[in-house]
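Keep in mind that what you see is a predicted model, and the values were worked out from it rather than measured.
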Amino acid sequence: MLIPHDTRKALDVVVDLVNTAPESEPTDRLADVEALNAFVRLHDVSDVGRLGEADLRAVQDVRARFAEVFEAPDPRAAAELINQLVAAAGTTPRLTDHDGFDWHVHYFAPGASMADHLAADCGMALAFIVVSGEQERLRRCEAPDCRHAFVDLSRNRSRRYCDSRTCGNRLHVAAYRARRKEASG
């Protein structure tokens, strides 16, 4: 699946946004305006003004809606959620070539709120996945103690864990130890 750089970046942002929620982490990693500003800096989100408490609450609401997309049982349900997010953001597609990137599309209006910015750009990235017939690539980690969201971009759609070096390896080691204990006991 060929994904343009702006869509890939937006997918990374939406996954990281969903994974800041208390359902994915022991604490809410987007609990205050300082954390929201850090998220913006980490992801180099462009065209963002000064953020306040209202922005934080709106972004937390958008985050919850994106989490629903990762839980959607089928493409129709995912499409309905994405359509609601994108429509509420007042999507305004425009071509841009900032920060050393080639031409790409921004879907948020100039001066849009942070929540609308995320809803528009990340919503359209998720729409790209659904339109491509790849909604099943939007997943949650199968490790029993992890609920992280991820986009399975493996060739054969076989990824089961958010990170094979942590969740996947931890489960494989636990299964190995259980087999050895059973064999020796």
Side-chain angles (χ1 to χ4, degrees), residues 1-24 28-30 35-49 51-52 54-99 101-141 147-153 157 162:
M1 173 194 287
L2 181 64
I3 300 176
H5 82 274
D6 55 326
T7 302
R8 179 57 195 256
K9 182 177 178 186
L11 289 171
D12 291 343
V13 170
V14 72
V15 164
D16 285 352
L17 178 64
V18 169
N19 289 339
T20 65
E23 300 86 43
S24 298
D28 188 342
R29 291 186 309 139
L30 204 60
L36 179 58
N37 280 309
F39 182 86
V40 168
R41 285 189 305 275
L42 175 67
H43 292 286
D44 199 23
V45 180
S46 63
D47 205 15
V48 175
L51 300 171
D55 295 298
L56 176 64
R57 287 188 300 280
V59 169
Q60 288 170 333
D61 182 53
V62 166
R63 173 182 69 183
R65 303 297 307 274
F66 280 137
E68 292 177 36
V69 174
F70 280 85
E71 301 291 334
D74 56 54
R76 184 165 304 284
E80 186 175 318
L81 292 164
I82 294 166
N83 283 339
Q84 290 170 3
L85 277 160
V86 171
T91 308
T92 308
R94 61 190 165 97
L95 288 169
T96 184
D97 67 341
H98 62 88
D99 298 334
F101 291 110
D102 285 335
W103 288 104
H104 59 282
V105 180
H106 279 196
Y107 294 96
F108 59 92
S113 71
M114 182 62 185
D116 285 348
H117 179 138
L118 292 172
D121 269 9
C122 295
M124 291 306 296
L126 292 172
F128 175 83
I129 297 295
V130 172
V131 165
S132 299
E134 304 286 351
Q135 186 254 341
E136 73 275 0
R137 290 183 183 270
L138 304 177
R139 299 200 176 153
R140 292 287 190 159
C141 185
R147 293 290 303 141
H148 279 161
F150 67 94
V151 179
D152 179 4
L153 296 177
R157 298 174 191 86
C162 63

d(Asn19 CG, Leu30 CG) to nearest 0.5 Å is 12.0 Å
Leu126 side, atom CG; Gln135 side, atom CD - distance, nearest 0.5 Å
10.0 Å
Test your reading of the model: is there a side-chain donor-acceptor pair from Asp61 to the backbone of Arg57, 3.5 Å cut-off?
no
Classify the ring geometry of Phe108 against His117: parallel below 30°, tilted from 30° to 60°, perpendicular beyond 60°.
parallel
Side chain to side chain contact (heavy atoms under 4.5 Å, CB included) partner of Leu51, the single match among Leu56, Val59, Val40:
Val40
Which heavy atom in Cys122 sits nearest to a heavy atom in Val13, and how many Å separate them?
SG-CG1, 3.8 Å
Do His106 side-chain atoms and His104 backbone N/O form a donor-acceptor pair below 3.5 Å?
no
At what distance, to the nearest 0.5 angstrom, does CG of Asp121 lie from OG1 of Thr91?
9.0 Å
Checking Asp97 against Asp102 for the side-chain contact (heavy atoms from CB on, under 4.5 Å) test, could you report, in this order, the C-alpha distance in whole Å, the side-chain angles of both residues, the deciding distance, and whether it holds?
CA-CA 5 Å; Asp97 67 341; Asp102 285 335; over 6 Å; no
Step-by-step side-chain contact (heavy atoms from CB on, under 4.5 Å) determination, Arg63 to Gln60:
CA-CA 5 Å; Arg63 173 182 69 183; Gln60 288 170 333; 3.8 Å; yes
Within-4.5 Å side-chain heavy-atom neighbours: Arg147 and Glu71
yes
Closest heavy-atom contact between Leu81 and Ala72?
CD1-CB, 4.4 Å
Restricting to non-hydrogen atoms, name the atom on Ala119 and the atom on Val86 that form the minimum distance, rounded to 0.1 Å.
O-CG2, 3.9 Å
When rounded to the nearest 0.5 Å, the distance separating CD1 of Ile129 from OG1 of Thr7 is 8.0 Å
Salt bridge (charged side-chain N to carboxylate O under 4.0 Å, His left out) involving Arg94 - partner list, sequence neighbours excluded
Asp47
Taking everything shown except Glu136 itself, do over 12 heavy atoms lie less than 6.0 Å from its CD?
yes
Over all heavy atoms of both residues, which pair between Arg139 and Asp152 is shortest? Give the atoms and the distance, please.
NH1-OD2, 2.8 Å
Kindly compute the distance separating NE2 (His43) from CG (Leu17), expressed to the nearest 0.5 Å.
8.0 Å
Restricting to non-hydrogen atoms, name the atom on Ala77 and the atom on Asp74 that form the minimum distance, rounded to 0.1 Å.
N-OD1, 2.8 Å
Would you check if Lys9 and Asp44 make a side-chain contact, meaning some heavy-atom pair closer than 4.5 Å?
yes
Ala67 to Arg140 - nearest heavy-atom pair and separation
CB-NH2, 3.6 Å
I need the Met114 CE to Phe39 CZ distance, nearest 0.5 Å.
6.5 Å
Kindly write out the residues that satisfy ring-ring contact (aromatic ring centres under 6.0 Å, His included) with His148, not counting sequence neighbours, or none if the list is empty.
none
Mind checking whether Met124 and Pro93 have side chains closer than 4.5 Å, heavy atoms only?
no
Would you call Asp12-Arg8 a salt bridge at under 4.0 Å N-O?
yes
